[in-house]
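Letters A, B, ... are given to chains in the order of the sequence lines, protein chains preceding strands, and every chain is numbered from 1.
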2 protein chains.
Amino acid sequence: MTSKPAVDDGLRARKRAATQAGLEQAALALALEHGYENVTVDMICDAGMVSQRTFFNYFGTKEGAFLGTPPPMPADAELARFVQGAGADVLGDLVGLITAALVDQEPDPGILRSRRMLIERTPELLGRENTRITELEESLTLLVLERFHAQGRSEESTPGLEDEARMAVTLAGSVMRFSMQKWFTGGFTGSPGELLRHSIALMRRIAAAENPAPEGARVRP
Amino acid sequence: MTSKPAVDDGLRARKRAATQAGLEQAALALALEHGYENVTVDMICDAGMVSQRTFFNYFGTKEGAFLGTPPPMPADAELARFVQGAGADVLGDLVGLITAALVDQEPDPGILRSRRMLIERTPELLGRENTRITELEESLTLLVLERFHAQGRSEESTPGLEDEARMAVTLAGSVMRFSMQKWFTGGFTGSPGELLRHSIALMRRIAAAENPAPEGARVRP
DNA sequence: CATCCTGCGTGCAGCTACTGTAATTTTATT
DNA sequence: AATAAAATTACAGTAGCTGCACGCAGGATG
(Lines give C-alpha, C1' and ligand atoms only; values in the text may rest on other atoms or scores of the structure.)
Protein backbone atom coordinates (compact mmCIF):
# COMPACT_ATOMS: atom_id res chain seq x y z
CA MET A 1 0.00 0.00 0.00
CA THR A 2 2.72 2.48 0.95
CA SER A 3 5.90 3.04 -1.01
CA LYS A 4 8.12 1.57 1.68
CA PRO A 5 7.59 -1.98 2.84
CA ALA A 6 7.34 -1.36 6.55
CA VAL A 7 9.63 0.51 8.88
CA ASP A 8 8.63 4.11 8.17
CA ASP A 9 7.04 4.43 11.59
CA GLY A 10 8.80 6.52 14.20
CA LEU A 11 8.10 6.38 17.90
CA ARG A 12 5.73 9.28 17.42
CA ALA A 13 3.58 7.59 14.84
CA ARG A 14 3.41 4.39 16.84
CA LYS A 15 2.26 6.16 19.97
CA ARG A 16 -0.30 7.98 17.93
CA ALA A 17 -1.66 4.81 16.40
CA ALA A 18 -1.81 3.20 19.81
CA THR A 19 -3.75 6.08 21.30
CA GLN A 20 -6.21 6.10 18.44
CA ALA A 21 -6.75 2.35 18.57
CA GLY A 22 -7.20 2.58 22.33
CA LEU A 23 -9.82 5.26 22.00
CA GLU A 24 -11.72 3.39 19.29
CA GLN A 25 -11.68 0.21 21.31
CA ALA A 26 -12.78 1.99 24.48
CA ALA A 27 -15.56 3.74 22.61
CA LEU A 28 -16.88 0.50 21.14
CA ALA A 29 -16.70 -1.38 24.41
CA LEU A 30 -18.44 1.38 26.34
CA ALA A 31 -21.17 1.76 23.75
CA LEU A 32 -21.86 -1.95 23.54
CA GLU A 33 -22.24 -2.01 27.29
CA HIS A 34 -24.16 1.19 28.04
CA GLY A 35 -25.59 2.10 24.66
CA TYR A 36 -24.29 4.82 22.40
CA GLU A 37 -26.40 7.61 23.84
CA ASN A 38 -25.31 6.95 27.39
CA VAL A 39 -21.62 7.13 26.59
CA THR A 40 -20.10 10.58 26.97
CA VAL A 41 -16.92 11.72 25.32
CA ASP A 42 -15.47 12.22 28.78
CA MET A 43 -15.97 8.55 29.58
CA ILE A 44 -14.04 7.56 26.48
CA CYS A 45 -11.31 10.01 27.36
CA ASP A 46 -10.98 8.58 30.86
CA ALA A 47 -10.72 5.07 29.47
CA GLY A 48 -8.19 6.18 26.87
CA MET A 49 -6.32 8.44 29.30
CA VAL A 50 -6.37 11.55 27.16
CA SER A 51 -7.99 14.94 27.54
CA GLN A 52 -11.27 15.72 25.84
CA ARG A 53 -9.47 18.17 23.60
CA THR A 54 -7.16 15.45 22.37
CA PHE A 55 -10.09 13.24 21.62
CA PHE A 56 -11.46 15.82 19.27
CA ASN A 57 -8.07 16.31 17.72
CA TYR A 58 -8.21 12.68 16.72
CA PHE A 59 -11.78 12.25 15.62
CA GLY A 60 -13.31 15.66 15.26
CA THR A 61 -16.62 14.21 16.29
CA LYS A 62 -17.96 11.80 18.84
CA GLU A 63 -19.29 9.55 16.13
CA GLY A 64 -15.86 9.36 14.55
CA ALA A 65 -14.53 7.22 17.37
CA PHE A 66 -17.25 4.66 16.75
CA LEU A 67 -17.19 4.61 12.97
CA GLY A 68 -13.45 4.20 12.62
CA THR A 69 -11.37 5.58 9.79
CA PRO A 70 -13.52 7.19 7.16
CA PRO A 71 -14.29 5.61 3.83
CA PRO A 72 -12.75 2.50 2.40
CA MET A 73 -11.64 3.57 -1.05
CA PRO A 74 -9.97 0.79 -3.03
CA ALA A 75 -6.34 0.99 -4.06
CA ASP A 76 -5.43 2.42 -7.44
CA ALA A 77 -4.29 -0.88 -8.83
CA GLU A 78 -7.62 -2.51 -8.18
CA LEU A 79 -9.42 0.50 -9.57
CA ALA A 80 -7.49 0.20 -12.82
CA ARG A 81 -8.23 -3.49 -12.95
CA PHE A 82 -11.89 -2.74 -12.55
CA VAL A 83 -11.93 -0.11 -15.25
CA GLN A 84 -10.16 -2.40 -17.66
CA GLY A 85 -12.33 -5.33 -16.68
CA ALA A 86 -13.66 -6.66 -19.94
CA GLY A 87 -16.08 -8.90 -18.12
CA ALA A 88 -19.71 -8.04 -18.68
CA ASP A 89 -20.59 -8.59 -15.05
CA VAL A 90 -20.46 -5.03 -13.81
CA LEU A 91 -22.49 -5.81 -10.73
CA GLY A 92 -20.33 -8.71 -9.60
CA ASP A 93 -17.15 -6.75 -10.21
CA LEU A 94 -18.48 -3.78 -8.31
CA VAL A 95 -19.45 -5.87 -5.34
CA GLY A 96 -16.03 -7.53 -5.44
CA LEU A 97 -14.34 -4.15 -5.49
CA ILE A 98 -16.20 -2.84 -2.48
CA THR A 99 -15.74 -6.03 -0.54
CA ALA A 100 -12.00 -6.07 -1.15
CA ALA A 101 -11.69 -2.52 0.12
CA LEU A 102 -13.68 -3.39 3.21
CA VAL A 103 -11.58 -6.41 4.05
CA ASP A 104 -8.03 -5.11 3.77
CA GLN A 105 -9.06 -1.95 5.56
CA GLU A 106 -9.74 -3.37 8.98
CA PRO A 107 -7.28 -6.04 10.07
CA ASP A 108 -9.25 -7.16 13.08
CA PRO A 109 -12.53 -8.86 12.15
CA GLY A 110 -13.64 -8.78 15.77
CA ILE A 111 -13.56 -5.00 15.86
CA LEU A 112 -15.35 -4.91 12.55
CA ARG A 113 -18.08 -7.14 13.78
CA SER A 114 -18.79 -5.38 17.04
CA ARG A 115 -18.65 -2.05 15.27
CA ARG A 116 -21.21 -3.38 12.86
CA MET A 117 -23.40 -4.54 15.70
CA LEU A 118 -23.30 -1.16 17.32
CA ILE A 119 -24.04 0.71 14.11
CA GLU A 120 -26.92 -1.61 13.38
CA ARG A 121 -28.66 -0.82 16.65
CA THR A 122 -27.92 2.90 16.68
CA PRO A 123 -29.94 5.00 14.24
CA GLU A 124 -27.67 7.99 14.58
CA LEU A 125 -24.60 6.01 13.62
CA LEU A 126 -26.46 4.25 10.88
CA GLY A 127 -27.33 7.61 9.40
CA ARG A 128 -23.70 8.68 9.37
CA GLU A 129 -22.68 5.40 7.85
CA ASN A 130 -25.20 5.84 5.08
CA THR A 131 -23.87 9.30 4.40
CA ARG A 132 -20.38 7.95 3.98
CA ILE A 133 -21.62 5.28 1.66
CA THR A 134 -23.52 7.78 -0.42
CA GLU A 135 -20.38 9.81 -0.87
CA LEU A 136 -18.49 6.69 -1.87
CA GLU A 137 -21.15 5.82 -4.43
CA GLU A 138 -20.53 9.15 -6.07
CA SER A 139 -16.95 8.19 -6.94
CA LEU A 140 -17.92 4.67 -7.89
CA THR A 141 -20.38 6.00 -10.44
CA LEU A 142 -17.55 7.86 -12.12
CA LEU A 143 -15.51 4.66 -12.10
CA VAL A 144 -18.22 2.67 -13.82
CA LEU A 145 -18.50 5.39 -16.43
CA GLU A 146 -14.78 5.11 -17.07
CA ARG A 147 -15.18 1.41 -17.49
CA PHE A 148 -17.96 1.95 -19.97
CA HIS A 149 -15.76 4.32 -21.91
CA ALA A 150 -12.96 1.79 -21.89
CA GLN A 151 -15.41 -0.59 -23.48
CA GLY A 152 -16.00 1.87 -26.26
CA ARG A 153 -19.37 3.11 -25.09
CA SER A 154 -19.90 6.85 -25.09
CA GLU A 155 -22.70 9.18 -24.03
CA GLU A 156 -23.30 9.96 -27.68
CA SER A 157 -23.85 6.39 -28.76
CA THR A 158 -25.82 5.51 -25.62
CA PRO A 159 -28.05 8.27 -24.27
CA GLY A 160 -28.71 6.90 -20.81
CA LEU A 161 -25.17 5.83 -20.09
CA GLU A 162 -24.74 7.87 -16.95
CA ASP A 163 -28.06 6.65 -15.61
CA GLU A 164 -26.91 3.14 -16.33
CA ALA A 165 -23.75 3.66 -14.34
CA ARG A 166 -25.60 5.20 -11.43
CA MET A 167 -28.10 2.38 -11.39
CA ALA A 168 -25.37 -0.23 -11.42
CA VAL A 169 -23.76 1.41 -8.40
CA THR A 170 -27.10 1.71 -6.66
CA LEU A 171 -27.81 -1.97 -7.17
CA ALA A 172 -24.35 -2.96 -6.01
CA GLY A 173 -24.98 -0.90 -2.90
CA SER A 174 -28.25 -2.72 -2.34
CA VAL A 175 -26.50 -6.05 -2.56
CA MET A 176 -23.91 -4.93 -0.04
CA ARG A 177 -26.53 -3.65 2.39
CA PHE A 178 -28.58 -6.78 2.03
CA SER A 179 -25.59 -9.03 2.56
CA MET A 180 -24.32 -7.07 5.54
CA GLN A 181 -27.68 -7.27 7.17
CA LYS A 182 -27.90 -10.99 6.64
CA TRP A 183 -24.34 -11.54 7.72
CA PHE A 184 -24.52 -9.65 10.95
CA THR A 185 -27.90 -10.90 11.99
CA GLY A 186 -26.34 -14.30 11.71
CA GLY A 187 -28.85 -15.63 9.25
CA PHE A 188 -26.24 -17.18 7.03
CA THR A 189 -23.86 -20.03 7.52
CA GLY A 190 -21.10 -19.98 4.97
CA SER A 191 -18.31 -17.89 3.53
CA PRO A 192 -18.78 -14.21 2.77
CA GLY A 193 -18.16 -14.98 -0.89
CA GLU A 194 -21.02 -17.41 -0.97
CA LEU A 195 -23.29 -14.96 0.74
CA LEU A 196 -22.50 -12.25 -1.77
CA ARG A 197 -23.09 -14.51 -4.74
CA HIS A 198 -26.29 -15.69 -3.16
CA SER A 199 -27.44 -12.10 -2.70
CA ILE A 200 -26.67 -11.16 -6.27
CA ALA A 201 -28.53 -14.15 -7.57
CA LEU A 202 -31.52 -13.35 -5.41
CA MET A 203 -31.51 -9.77 -6.59
CA ARG A 204 -31.47 -10.87 -10.21
CA ARG A 205 -34.39 -13.18 -9.61
CA ILE A 206 -36.52 -10.57 -7.85
CA ALA A 207 -35.65 -7.85 -10.30
CA ALA A 208 -36.58 -10.03 -13.24
CA ALA A 209 -39.95 -10.81 -11.67
CA GLU A 210 -42.95 -11.22 -13.90
CA ASN A 211 -44.84 -8.55 -15.82
CA PRO A 212 -42.83 -5.34 -15.95
CA ALA A 213 -45.99 -3.24 -15.52
CA PRO A 214 -49.53 -4.50 -16.04
CA GLU A 215 -51.02 -1.21 -17.11
CA GLY A 216 -48.79 1.50 -15.74
CA ALA A 217 -51.64 3.20 -13.90
CA ARG A 218 -50.58 1.20 -10.85
CA VAL A 219 -47.43 3.13 -10.52
CA ARG A 220 -49.06 6.43 -9.65
CA PRO A 221 -52.66 6.24 -8.47
CA MET B 1 -57.90 12.24 24.61
CA THR B 2 -61.22 14.05 24.95
CA SER B 3 -64.55 12.38 25.48
CA LYS B 4 -65.94 13.75 22.25
CA PRO B 5 -64.71 12.13 19.07
CA ALA B 6 -65.91 14.73 16.58
CA VAL B 7 -64.59 18.08 15.40
CA ASP B 8 -61.11 17.95 16.77
CA ASP B 9 -59.87 21.05 15.00
CA GLY B 10 -60.64 24.09 17.09
CA LEU B 11 -58.74 27.32 17.31
CA ARG B 12 -56.10 25.46 19.22
CA ALA B 13 -55.29 22.96 16.53
CA ARG B 14 -55.30 25.60 13.84
CA LYS B 15 -52.87 27.83 15.67
CA ARG B 16 -50.69 24.86 16.31
CA ALA B 17 -50.60 23.89 12.68
CA ALA B 18 -49.85 27.46 11.68
CA THR B 19 -46.97 27.73 14.10
CA GLN B 20 -45.49 24.47 12.94
CA ALA B 21 -45.82 25.33 9.27
CA GLY B 22 -44.30 28.74 9.93
CA LEU B 23 -41.31 27.20 11.65
CA GLU B 24 -40.74 24.63 8.93
CA GLN B 25 -40.95 27.27 6.25
CA ALA B 26 -38.62 29.59 8.10
CA ALA B 27 -36.15 26.78 8.65
CA LEU B 28 -36.10 25.82 4.99
CA ALA B 29 -35.77 29.40 3.78
CA LEU B 30 -32.94 30.15 6.17
CA ALA B 31 -31.07 26.97 5.34
CA LEU B 32 -31.37 27.47 1.61
CA GLU B 33 -29.91 30.93 2.03
CA HIS B 34 -27.19 30.42 4.60
CA GLY B 35 -26.63 26.68 4.54
CA TYR B 36 -27.85 24.23 7.14
CA GLU B 37 -24.82 24.43 9.39
CA ASN B 38 -24.94 28.19 9.66
CA VAL B 39 -28.55 28.29 10.76
CA THR B 40 -29.05 28.21 14.52
CA VAL B 41 -32.20 27.16 16.26
CA ASP B 42 -32.43 30.64 17.69
CA MET B 43 -32.60 32.11 14.19
CA ILE B 44 -35.53 29.89 13.33
CA CYS B 45 -37.24 30.80 16.59
CA ASP B 46 -36.83 34.50 15.88
CA ALA B 47 -38.31 34.07 12.43
CA GLY B 48 -41.16 31.99 13.79
CA MET B 49 -41.64 34.20 16.84
CA VAL B 50 -41.57 31.46 19.43
CA SER B 51 -39.21 30.61 22.26
CA GLN B 52 -36.47 28.07 21.76
CA ARG B 53 -38.22 25.78 24.19
CA THR B 54 -41.36 25.79 22.07
CA PHE B 55 -39.35 24.91 19.02
CA PHE B 56 -38.12 21.78 20.72
CA ASN B 57 -41.62 21.02 21.92
CA TYR B 58 -42.64 20.87 18.30
CA PHE B 59 -39.74 19.10 16.67
CA GLY B 60 -37.63 17.57 19.37
CA THR B 61 -34.56 18.15 17.28
CA LYS B 62 -33.13 20.79 14.97
CA GLU B 63 -33.24 18.42 12.05
CA GLY B 64 -36.92 17.80 12.61
CA ALA B 65 -37.83 21.27 11.42
CA PHE B 66 -36.07 20.63 8.12
CA LEU B 67 -37.23 17.08 7.50
CA GLY B 68 -40.91 17.73 8.15
CA THR B 69 -43.33 15.26 9.65
CA PRO B 70 -41.70 11.87 10.08
CA PRO B 71 -42.34 8.96 7.79
CA PRO B 72 -45.08 8.71 5.23
CA MET B 73 -46.87 5.48 6.05
CA PRO B 74 -49.64 4.62 3.60
CA ALA B 75 -53.27 4.47 4.67
CA ASP B 76 -54.72 1.16 5.79
CA ALA B 77 -56.97 0.86 2.78
CA GLU B 78 -54.08 1.02 0.37
CA LEU B 79 -52.10 -1.37 2.50
CA ALA B 80 -54.90 -3.91 2.31
CA ARG B 81 -55.12 -3.41 -1.43
CA PHE B 82 -51.41 -4.06 -1.72
CA VAL B 83 -51.54 -7.21 0.36
CA GLN B 84 -54.42 -8.59 -1.67
CA GLY B 85 -52.80 -7.53 -4.94
CA ALA B 86 -52.76 -10.65 -7.03
CA GLY B 87 -50.52 -9.00 -9.58
CA ALA B 88 -47.12 -10.56 -9.89
CA ASP B 89 -45.40 -7.20 -10.14
CA VAL B 90 -44.34 -6.77 -6.53
CA LEU B 91 -41.77 -4.16 -7.38
CA GLY B 92 -44.12 -1.96 -9.33
CA ASP B 93 -46.80 -2.21 -6.69
CA LEU B 94 -44.34 -1.37 -3.94
CA VAL B 95 -43.08 1.68 -5.77
CA GLY B 96 -46.67 2.74 -6.36
CA LEU B 97 -47.48 2.36 -2.71
CA ILE B 98 -44.56 4.48 -1.54
CA THR B 99 -45.19 7.13 -4.14
CA ALA B 100 -48.84 7.45 -3.21
CA ALA B 101 -47.93 7.94 0.43
CA LEU B 102 -45.39 10.59 -0.50
CA VAL B 103 -47.80 12.56 -2.62
CA ASP B 104 -50.85 12.85 -0.39
CA GLN B 105 -48.61 13.61 2.57
CA GLU B 106 -47.31 17.00 1.54
CA PRO B 107 -49.88 19.27 -0.09
CA ASP B 108 -47.40 21.90 -1.23
CA PRO B 109 -45.05 20.64 -3.94
CA GLY B 110 -42.94 23.76 -3.60
CA ILE B 111 -42.08 22.95 0.00
CA LEU B 112 -41.37 19.38 -0.97
CA ARG B 113 -39.02 20.44 -3.71
CA SER B 114 -36.97 22.90 -1.72
CA ARG B 115 -36.83 20.47 1.16
CA ARG B 116 -35.50 17.90 -1.25
CA MET B 117 -32.91 20.34 -2.56
CA LEU B 118 -31.71 21.08 0.93
CA ILE B 119 -31.51 17.45 1.94
CA GLU B 120 -29.63 16.65 -1.22
CA ARG B 121 -26.89 19.13 -0.47
CA THR B 122 -26.65 18.45 3.26
CA PRO B 123 -24.97 15.18 4.23
CA GLU B 124 -26.24 15.32 7.77
CA LEU B 125 -29.86 15.62 6.69
CA LEU B 126 -29.38 13.02 4.02
CA GLY B 127 -28.20 10.59 6.63
CA ARG B 128 -31.25 11.19 8.78
CA GLU B 129 -33.51 10.78 5.80
CA ASN B 130 -31.93 7.46 4.99
CA THR B 131 -32.45 6.34 8.56
CA ARG B 132 -36.12 7.15 8.36
CA ILE B 133 -36.40 5.27 5.11
CA THR B 134 -34.64 2.27 6.57
CA GLU B 135 -37.15 2.17 9.40
CA LEU B 136 -39.98 2.38 6.91
CA GLU B 137 -38.51 -0.49 4.93
CA GLU B 138 -38.77 -2.62 8.02
CA SER B 139 -42.55 -2.38 8.01
CA LEU B 140 -42.76 -2.73 4.26
CA THR B 141 -40.92 -6.01 4.44
CA LEU B 142 -43.58 -7.34 6.75
CA LEU B 143 -46.21 -6.14 4.31
CA VAL B 144 -44.64 -7.95 1.42
CA LEU B 145 -44.48 -11.08 3.51
CA GLU B 146 -48.20 -10.76 4.21
CA ARG B 147 -48.81 -10.45 0.52
CA PHE B 148 -46.80 -13.55 -0.14
CA HIS B 149 -48.82 -15.41 2.43
CA ALA B 150 -52.02 -14.16 0.84
CA GLN B 151 -50.74 -15.72 -2.34
CA GLY B 152 -50.42 -19.02 -0.59
CA ARG B 153 -46.66 -19.00 -0.22
CA SER B 154 -45.30 -19.95 3.17
CA GLU B 155 -41.86 -20.13 4.74
CA GLU B 156 -42.15 -23.88 4.73
CA SER B 157 -42.76 -24.24 1.03
CA THR B 158 -40.27 -21.52 0.13
CA PRO B 159 -37.17 -21.39 2.32
CA GLY B 160 -35.88 -17.95 1.39
CA LEU B 161 -39.21 -16.22 1.48
CA GLU B 162 -38.24 -13.59 4.00
CA ASP B 163 -35.08 -12.83 2.10
CA GLU B 164 -37.15 -12.47 -1.00
CA ALA B 165 -39.42 -9.96 0.68
CA ARG B 166 -36.51 -7.97 2.05
CA MET B 167 -34.83 -7.89 -1.30
CA ALA B 168 -38.00 -6.72 -3.01
CA VAL B 169 -38.26 -3.85 -0.56
CA THR B 170 -34.59 -3.03 -0.96
CA LEU B 171 -34.93 -2.87 -4.72
CA ALA B 172 -38.05 -0.74 -4.51
CA GLY B 173 -36.10 1.60 -2.27
CA SER B 174 -33.32 1.77 -4.81
CA VAL B 175 -35.78 2.69 -7.52
CA MET B 176 -37.21 5.44 -5.34
CA ARG B 177 -33.80 6.86 -4.50
CA PHE B 178 -32.70 6.75 -8.08
CA SER B 179 -35.87 8.42 -9.30
CA MET B 180 -35.75 11.11 -6.65
CA GLN B 181 -32.21 11.93 -7.55
CA LYS B 182 -33.01 12.19 -11.22
CA TRP B 183 -36.16 14.17 -10.58
CA PHE B 184 -34.62 16.79 -8.37
CA THR B 185 -31.48 17.27 -10.35
CA GLY B 186 -33.82 18.09 -13.17
CA GLY B 187 -32.49 15.43 -15.47
CA PHE B 188 -35.90 14.29 -16.55
CA THR B 189 -38.66 15.93 -18.52
CA GLY B 190 -41.92 14.09 -18.06
CA SER B 191 -44.44 12.96 -15.51
CA PRO B 192 -43.36 11.34 -12.26
CA GLY B 193 -45.15 8.19 -13.34
CA GLU B 194 -43.09 7.97 -16.49
CA LEU B 195 -39.92 8.53 -14.55
CA LEU B 196 -40.72 5.73 -12.13
CA ARG B 197 -41.54 3.28 -14.88
CA HIS B 198 -38.38 4.29 -16.68
CA SER B 199 -36.35 3.69 -13.53
CA ILE B 200 -37.85 0.27 -12.96
CA ALA B 201 -37.17 -0.74 -16.52
CA LEU B 202 -33.59 0.45 -16.27
CA MET B 203 -33.11 -1.45 -13.05
CA ARG B 204 -34.41 -4.64 -14.62
CA ARG B 205 -32.07 -4.24 -17.53
CA ILE B 206 -28.98 -3.64 -15.41
CA ALA B 207 -29.83 -6.37 -12.96
CA ALA B 208 -30.31 -8.88 -15.74
CA ALA B 209 -26.91 -8.05 -17.22
CA GLU B 210 -24.85 -10.82 -18.72
CA ASN B 211 -23.03 -13.65 -16.96
CA PRO B 212 -24.22 -14.03 -13.39
CA ALA B 213 -20.72 -14.83 -12.19
CA PRO B 214 -17.86 -15.99 -14.40
CA GLU B 215 -16.08 -18.06 -11.83
CA GLY B 216 -17.08 -16.73 -8.46
CA ALA B 217 -13.53 -15.98 -7.45
CA ARG B 218 -14.11 -12.44 -8.66
CA VAL B 219 -16.47 -11.74 -5.86
CA ARG B 220 -13.96 -12.13 -3.09
CA PRO B 221 -10.33 -11.84 -4.14
C1' DC C 1 25.88 17.09 22.67
C1' DA C 2 23.48 21.53 22.20
C1' DT C 3 19.89 23.67 19.60
C1' DC C 4 16.11 24.58 17.38
C1' DC C 5 11.45 23.52 15.83
C1' DT C 6 7.71 21.13 14.88
C1' DG C 7 4.02 18.10 16.08
C1' DC C 8 1.10 16.86 19.62
C1' DG C 9 -1.43 17.09 24.06
C1' DT C 10 -3.64 20.24 27.26
C1' DG C 11 -6.55 23.70 29.79
C1' DC C 12 -9.79 27.19 29.24
C1' DA C 13 -13.28 30.05 27.59
C1' DG C 14 -17.22 29.98 24.73
C1' DC C 15 -20.92 28.57 21.33
C1' DT C 16 -24.83 25.61 20.11
C1' DA C 17 -28.12 21.80 20.58
C1' DC C 18 -31.04 20.00 23.84
C1' DT C 19 -33.64 18.96 28.51
C1' DG C 20 -36.03 19.52 33.07
C1' DT C 21 -38.84 22.48 35.87
C1' DA C 22 -41.85 25.69 37.37
C1' DA C 23 -44.32 29.83 36.38
C1' DT C 24 -47.37 32.32 33.10
C1' DT C 25 -50.51 32.83 29.37
C1' DT C 26 -53.97 31.08 26.25
C1' DT C 27 -57.83 28.11 24.97
C1' DA C 28 -61.63 25.02 26.27
C1' DT C 29 -65.39 23.61 29.45
C1' DT C 30 -69.10 24.20 32.67
C1' DA D 1 -67.22 34.02 35.41
C1' DA D 2 -64.76 30.17 37.34
C1' DT D 3 -62.07 26.44 36.56
C1' DA D 4 -59.55 22.90 34.13
C1' DA D 5 -56.41 21.72 30.49
C1' DA D 6 -53.00 22.74 27.36
C1' DA D 7 -49.55 25.57 25.27
C1' DT D 8 -45.80 28.71 25.79
C1' DT D 9 -42.32 30.79 28.28
C1' DA D 10 -38.03 31.92 31.10
C1' DC D 11 -34.31 29.99 33.49
C1' DA D 12 -30.84 26.96 34.57
C1' DG D 13 -28.08 23.13 33.45
C1' DT D 14 -25.67 19.30 30.52
C1' DA D 15 -23.09 17.58 26.57
C1' DG D 16 -20.90 17.99 22.07
C1' DC D 17 -17.64 20.73 19.84
C1' DT D 18 -14.16 24.71 18.52
C1' DG D 19 -10.49 28.35 18.72
C1' DC D 20 -6.54 29.79 21.11
C1' DA D 21 -2.35 29.86 23.45
C1' DC D 22 0.93 27.40 26.13
C1' DG D 23 4.27 23.68 27.28
C1' DC D 24 6.67 19.52 26.41
C1' DA D 25 8.84 15.81 24.02
C1' DG D 26 10.61 13.67 19.31
C1' DG D 27 13.23 14.34 15.71
C1' DA D 28 16.35 16.92 12.64
C1' DT D 29 20.62 19.82 12.28
C1' DG D 30 25.07 21.58 13.39
Side-chain angles (χ1 to χ4, degrees), chain A residues 4 7-24 26-28 30-31 34-67 69-70 118 122-125 127-128 131, chain B residues 1-24 26-28 30-31 34-67 70 118 122-125 127-128 131:
Chain A
K4 283 190 178 177
V7 281
D8 55 21
D9 302 350
L11 204 172
R12 220 145 168 158
R14 253 179 296 136
K15 260 193 170 180
R16 216 181 140 68
T19 311
Q20 168 155 350
L23 285 175
E24 287 184 15
L28 273 184
L30 284 170
H34 305 114
Y36 174 77
E37 310 225 320
N38 302 319
V39 176
T40 73
V41 173
D42 282 331
M43 287 189 206
I44 307 175
C45 294
D46 286 351
M49 294 190 299
V50 295
S51 76
Q52 198 198 53
R53 198 62 189 80
T54 298
F55 175 93
F56 284 108
N57 283 340
Y58 272 96
F59 300 106
T61 167
K62 176 185 174 185
E63 288 160 345
F66 300 90
L67 294 179
T69 58
L118 180 64
T122 312
E124 189 169 350
L125 292 179
R128 273 288 164 202
T131 300
Chain B
M1 229 148 262
T2 63
S3 51
K4 285 188 179 178
V7 285
D8 50 25
D9 63 319
L11 204 173
R12 208 119 138 179
R14 254 179 297 136
K15 260 195 166 179
R16 228 184 130 69
T19 311
Q20 169 155 348
L23 285 175
E24 288 184 15
L28 273 184
L30 283 171
H34 305 114
Y36 175 77
E37 310 222 318
N38 302 319
V39 176
T40 73
V41 173
D42 283 330
M43 287 189 207
I44 308 175
C45 294
D46 286 351
M49 294 190 299
V50 294
S51 74
Q52 199 198 52
R53 198 61 186 79
T54 299
F55 175 93
F56 284 107
N57 283 340
Y58 272 93
F59 300 107
T61 168
K62 176 184 174 186
E63 289 161 344
F66 299 89
L67 294 179
L118 180 65
T122 311
E124 189 169 349
L125 291 179
R128 273 289 165 202
T131 300

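- The interatomic distance linking B/E124 (CD) with C/dT16 (C1') rounds to 12 Å, in whole Å.
- Rounding to whole angstrom units, NZ of residue B/K62 and C1' of D/dA15 are separated by 16 Å.
- Rounding to the nearest 0.5 Å gives a distance of 12.5 Å between CE of A/M43 and CD of A/Q52.
- Between A/V39 and A/K62 the shortest heavy-atom distance is O-NZ, 2.8 Å.
- One finds the OG1 atom of A/T122 at 8.0 Å from the CD atom of A/E37 (value rounded to the nearest 0.5 Å).
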Review point. Which nucleotides of nucleotides 5-11 of chain C have their base under 4.0 Å from a protein heavy atom (B), which only their sugar-phosphate (S), and which neither (-), written as one string 5' to 3'?
Key: -BBSSBB
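- Over its full length, the helix from C/dC1-D/dG30 to C/dT30-D/dA1 turns its helical axis through 20°, comparing axes from the five pairs at each end and rounding to 10°.
- Per the geometry, CD belonging to B/Q20 stands 12 Å off P belonging to D/dA7, to the nearest Å.
- The phosphate of D/dC17 has OP1 or OP2 within less than 4.0 Å of a side-chain N or O from A/T61.
- Rounding to the nearest 0.5 Å places CG of B/N57 at 11.0 Å from CZ of B/F59.
- Taking atom CD of A/E37 as the reference point, atom C1' of D/dG16 lies 13 Å away to the nearest angstrom.
- Screening A/I44, A/T19, A/D42 against A/F55 for a side-chain contact (heavy atoms from CB on, under 4.5 Å) leaves a single residue, A/I44.
- Going from atom CG of B/L67 over to atom CD of B/E24 covers 9.5 Å, rounded to the nearest 0.5 Å.
- In this structure, the CG atom of B/L23 is 12 Å from the C1' atom of D/dT8, given to the nearest Å.
- One interatomic measurement links the two molecules: CZ of B/F56 to P of D/dA10, which rounds to 15 Å at whole-angstrom precision.
- Separating the CG atom in B/L30 from the CG atom in B/L118 is a distance of 11.0 Å, to the nearest 0.5 Å.
- A distance of 11.5 Å separates CG of A/L28 from OH of A/Y36, quoted to the nearest 0.5 Å.
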